[in-house]
Amino acid sequence: MNEQLLIQKILQGDTASFRYLYRLYALSALQLAMSICKQKENAEEVVQNSFINVFKYLKNFRQESTFKTWLLRIVFNEAIRFQKVEHKFQWQEMIQNENGEESISISIPNAIDKKETKEQVAKTISLLNEKESVVLNLFYLEELSIKETADILGYTESNVKVLLHRARKNFKNVYEKL
Amino acid sequence: MNKDSHKEDGFYELMQTQHLLEIPSFLESNIMKKIEPKIETKSSPIKIQAIIIFSLQICTYVIFSFISAYYFPHSILLNDFKKMVLLGAIAHIIYEINDMIPHYINQKLSV
């Protein structure tokens, strides 16, 4: 169904359309929340609050970005707020300059080791800091562009490139040590 | 879709193993429970404005009936005016019911 039509229907009070929209994006939202909160229970609470906020503020969505980007920005802000309240967590805004152009590659294991690889990757991500796991999640899992990622995180595109480079570097170091 | 993430550096393939397969069902019901009362109040089929207008029309009819019965029992003009008010009230209630039915059915179906 057309996303714009869906939003219009929700604004007219159609519950079924909101349920449909939720089913469309719930996994992406939960994945992003997990990369910040790390714990599933907390991530679920963040997703719940985020979707309630989406419903509340849907009339303010001006379609300057895609709905997915807008939603993920709400999830991101809610996750940061949740972590600040629950764990006195500080999301550091500063990103130190470093060369983001150097290419980093990582070897992909055989298909036989798929389950083991999945666990190893999950463990690696859990050992990265929140910023790194968020940027990897948005770029590689959600397949968002640098610009969309920057919009969600509230960074500039060059900051995202630097962060992505650092995340790849740290991911590779941790992954190969495991 | 972002084609940059598909570069052959191995990260895309590794990260793709992390896709969640399902989301707990209680999460959906929790969200819908918190949202549905808001929707119901927003699109409530019974409109307060319509009730007030209808009450005013009925009051006017009762007042004219009283005046026509006790003070001007032979006034044709007053009698016609009284009938006109009653017809207006009936037309109004039919219009509101017609407007209410689709909302009501929609709410019943979405539960």
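Nothing here was measured: the structure is a model prediction, and the numbers come from that model. Below, chains carry the letters A, B, ... as their sequence lines are ordered, and counting in each starts from 1. Computed from heavy atoms alone, side chains included, the values below leave out hydrogens, waters and symmetry copies.
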For this session: Report the C-alpha distance between B/Lys82 and B/Asn79 in whole Å, list the side-chain angles of each, state the deciding distance to 0.1 Å, and finish with yes or no for side chain to side chain donor-acceptor pair (under 3.5 Å).
Result: CA-CA 5 Å; B/Lys82 193 183 80 183; B/Asn79 216 23; 3.2 Å; yes
For this session: Tell me, out of A/Glu45, A/Glu142, A/Gln48, who's got the most heavy-atom pairs with chain B below 4.5 Å.
Result: A/Gln48
Exercise. Where do A/Lys38 and A/Ile125 come nearest, in terms of heavy atoms and distance?
Worked result: NZ-O, 3.3 Å
For this session: Go through B/Gln16, B/Gln18, B/Met15 and name the one with the most non-hydrogen pairs under 4.5 angstrom from chain A.
Result: B/Gln18
Exercise. Looking at A/Glu119 and A/Lys123, does any basic side-chain N land under 4.0 Å from a carboxylate oxygen?
Worked result: no
For this session: Determine the interplanar angle of the A/Phe67 and A/Tyr25 rings, folded into 0 to 90°, and report it as parallel if under 30°, tilted if 30 to 60°, perpendicular if over 60°.
Result: tilted
For this session: Heavy-atom distances under 4.5 Å only: say whether A/Phe51 touches chain B with side chain, backbone, both or neither.
Result: both
